[in-house]
Structure formats: C-alpha cells, structure tokens
Engineer: 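I'd like to ask you about the structure that follows.
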Amino acid sequence: MNYHFSAYMYRLRAIHRWSLMRSTSTENVAEHSYHVAILAHLLCEIANQLYGKHLQADRAATLALFHDATEVFTGDIPTPVKHHNPRLLSNFREMEAIAAERLASMIPEPLKPIYAPLLDPASETDQELRKYVKAADSLDAYLKCAWEVASGNREFAAAKDQLQSKLESLDMPEVSYFLEHLAPSFELTLDELSEDSAD
C-alpha cells in the first residue's frame, strides 16, 4: 500500500500566499513554514537564554513545520477573508479540521500517533509551544511586510502597521527582543548588511 502523506506535504510549495496583495516577490506555504520554524525556534531560545524559561525549541520548530499543512487542501485563505465574520471563521475552522483528518488518513499506521497531532490545529498538546508558533507565524507575516515596504511596495504598509500592533499586544518579551534587535536587518539591502557586518 502506498501512503500519499509526504507527497502532499511537498505540494505545499504550490500553494501561494498573499493572493490579494501585489507582491515584489512571491511566497509559498512551504517557504513560510520553514521561516516560521526558524522563528519559533529562535523565540523559544530567546525565552530560554534571556528570560529563564525552559522551552523545547526543537519541538516548537517541528510544530511550526506542520502548522499550515492543511492548506494543501484548503489553500491559503487570506486573513481579511476568514476573519471577516464569525460564521466565515467557523466554517474555515471546520474545513481545516476535515483537511487535517484527510491528511492524517494518509499516514502509515505506526507513524500516525507521531504526525496526526502535528496536523490538528485544535490539538490540546503542546499548548505553550503553540503560543510561540502562533507568534512566529505573525512575526513572519510582519517580516514579509517589512521586506515589501523596504522594496518600495506601499501595498503592504497598512498590513505592516497592523501586524506590528498585533505583535506588541502579545506582551511577549521574546517577540519584543526580536523586533528590537533582529527585525530591523530585514529592511536592509544586501550591500547594507555586508557593510554592517564588516564594521
């Protein structure tokens, strides 16, 4: 018997993000998931090393890699659409749950206990780490907006401001640290990054 789980996961690279926006560079869900994994790991290690927490950064990165897996069936539904009203959001959550079940059914039985919880957006496991993944998800969206605005694309200016306010409202010192010390580099050109590194 063949199991299609991995083949579908690879198809995340075919699902494009920011479909309502005019972008200077395209982004797919596979790229986004990779970036969120990096950011979730970073946020957890900032929390551990600077703020005395004891978070499993590796586990957070794993959760992040699978956090949008259901979009291989649902596509990337833009935030303004799914959050337009409670009914739409409820319908989207139901679609997401059905997509998670479908994807989980494609996992070999011995591996299902490992991967099925990673696919379930409503899973009760790893609640503390999922908070960091969610923050990393918003942070990646903010960095995309910052990149676009720095490239002269005003299309993302309002979204950047909204996401910055959202991130600040999380009241997470790890996120504040990232925004202050790591995020500004995303608005520099390659030459500016190189010059700064040489100093």
Engineer: So, for C44 and L129, which heavy atoms are closest and what is the spacing to 0.1 Å?
Structural biologist: SG-CD2, 4.1 Å
Engineer: How long is the straight-line distance from CD of E168 back to OH of Y142, given to the nearest 0.5 Å?
Structural biologist: 8.0 Å
Engineer: Verify whether one side chain among H41 and D58 offers a donor that lies under 3.5 Å from an acceptor in the other.
Structural biologist: yes
Engineer: Is E148 salt-bridged to R154, cutoff N-O under 4.0 Å?
Structural biologist: no
Engineer: I'd like to know whether CD of E94 has more than 12 heavy-atom contacts from other residues, nucleotides or ligands below 6.0 angstrom.
Structural biologist: no
Engineer: Do F73 and M95 touch side chain to side chain, with heavy atoms closer than 4.5 Å?
Structural biologist: no
Engineer: Quick check on the hydrophobic clustering: are L182 and Y132 connected, directly or via other members, by side-chain heavy-atom contacts under 4.5 Å?
Structural biologist: yes
Engineer: Has E192 got a side-chain atom pairing as donor or acceptor with T189's backbone, closer than 3.5 angstrom?
Structural biologist: yes
Engineer: With side chains defined as the heavy atoms from C-beta onward, is the minimum distance between L139 and L43 less than 4.5 Å?
Structural biologist: yes
Engineer: Closest approach of L20 and E155, non-hydrogen atoms and distance?
Structural biologist: O-OE2, 4.0 Å
Engineer: Show the nearest heavy-atom pair for residues A60 and A40, with the distance to one decimal.
Structural biologist: O-CB, 4.0 Å
Engineer: Got a second to check how far K160's NZ is from N153's CG, nearest 0.5 Å?
Structural biologist: 12.5 Å
Engineer: Does a side chain donor of either W147 or E187 reach within less than 3.5 Å of an acceptor in the other side chain?
Structural biologist: no
Engineer: Do F92 and L119 land in one hydrophobic cluster if side-chain heavy atoms of ILVMFWY residues count as linked below 4.5 Å?
Structural biologist: no
Engineer: Please give me the minimum heavy-atom distance between V72 and Y8, naming the atom from each residue.
Structural biologist: CG2-O, 3.2 Å
Engineer: Is the shortest side-chain heavy-atom distance between I15 and D68 below 4.5 Å?
Structural biologist: no
Engineer: Establish whether L12 and I38 are linked, either directly or via other cluster members, by ILVMFWY side-chain heavy-atom contacts under 4.5 Å.
Structural biologist: yes
Engineer: Is it true that atom CD of Q56 has more than 12 heavy atoms of other residues, nucleotides or ligands lying nearer than 6.0 Å?
Structural biologist: no
Engineer: Taking side chain as C-beta onward, heavy atoms only, is R13 less than 4.5 Å from V29?
Structural biologist: no
Engineer: Determine whether more than 12 heavy atoms belonging to other residues, nucleotides or ligands lie under 6.0 Å from atom NE2 of H181.
Structural biologist: yes
Engineer: Would you give the length of the straight line joining atom CE of M9 to atom CG of L103, rounded to the nearest 0.5 angstrom?
Structural biologist: 6.5 Å
Engineer: Side-chain contact test, heavy atoms from C-beta onward, threshold under 4.5 Å: evaluate it for L111 versus P108 and give yes or no.
Structural biologist: yes
Engineer: So, R130 side chain and T125 main chain: donor-acceptor pair closer than 3.5 Å or not?
Structural biologist: yes
Engineer: Kindly indicate whether the side chain of Y51, heavy atoms from C-beta on, has any atom under 4.5 Å from the side chain of M172.
Structural biologist: no
Engineer: Would S25 and S23 count as having a side-chain donor-acceptor pair, cut-off 3.5 Å?
Structural biologist: no
Engineer: Can you name the closest pair of heavy atoms from V133 and V36 and give their distance?
Structural biologist: O-CG1, 3.9 Å
Engineer: Using the six-membered ring wherever Trp is involved, compare the ring planes of Y115 and F5 and label them parallel, tilted or perpendicular (cut-offs 30° and 60°).
Structural biologist: tilted
Engineer: About how many Å separate CG of D76 and CD of E27, when rounded to the nearest 0.5 Å?
Structural biologist: 9.0 Å
Engineer: First locate atom OG1 of T62, then atom NE2 of H67, and finally report the distance between them rounded to the nearest 0.5 Å.
Structural biologist: 13.5 Å
Engineer: Find out whether C145 and W18 are in side-chain contact, i.e. whether some heavy atom of one side chain is under 4.5 Å from a heavy atom of the other.
Structural biologist: yes
Engineer: Quick check for you: to the nearest 0.5 Å, what is the distance between L118 atom CG and L65 atom CG?
Structural biologist: 9.0 Å
Engineer: Does NZ belonging to K53 count more than 12 external heavy atoms closer than 6.0 Å?
Structural biologist: yes
Engineer: So does A135 get a backbone contact from the side chain of S138, meaning a donor-acceptor N/O pair under 3.5 Å?
Structural biologist: no
Engineer: Is it true that H32 and D140 share a donor-acceptor pair across their side chains at a distance under 3.5 Å?
Structural biologist: yes
Engineer: Would E31 and N28 count as having a side-chain donor-acceptor pair, cut-off 3.5 Å?
Structural biologist: yes
Engineer: Is it true that atom NZ of K166 has more than 12 heavy atoms of other residues, nucleotides or ligands lying nearer than 6.0 Å?
Structural biologist: no
Engineer: Within the structure provided, determine whether L143 and L39 are in side-chain contact (heavy-atom separation under 4.5 Å).
Structural biologist: yes
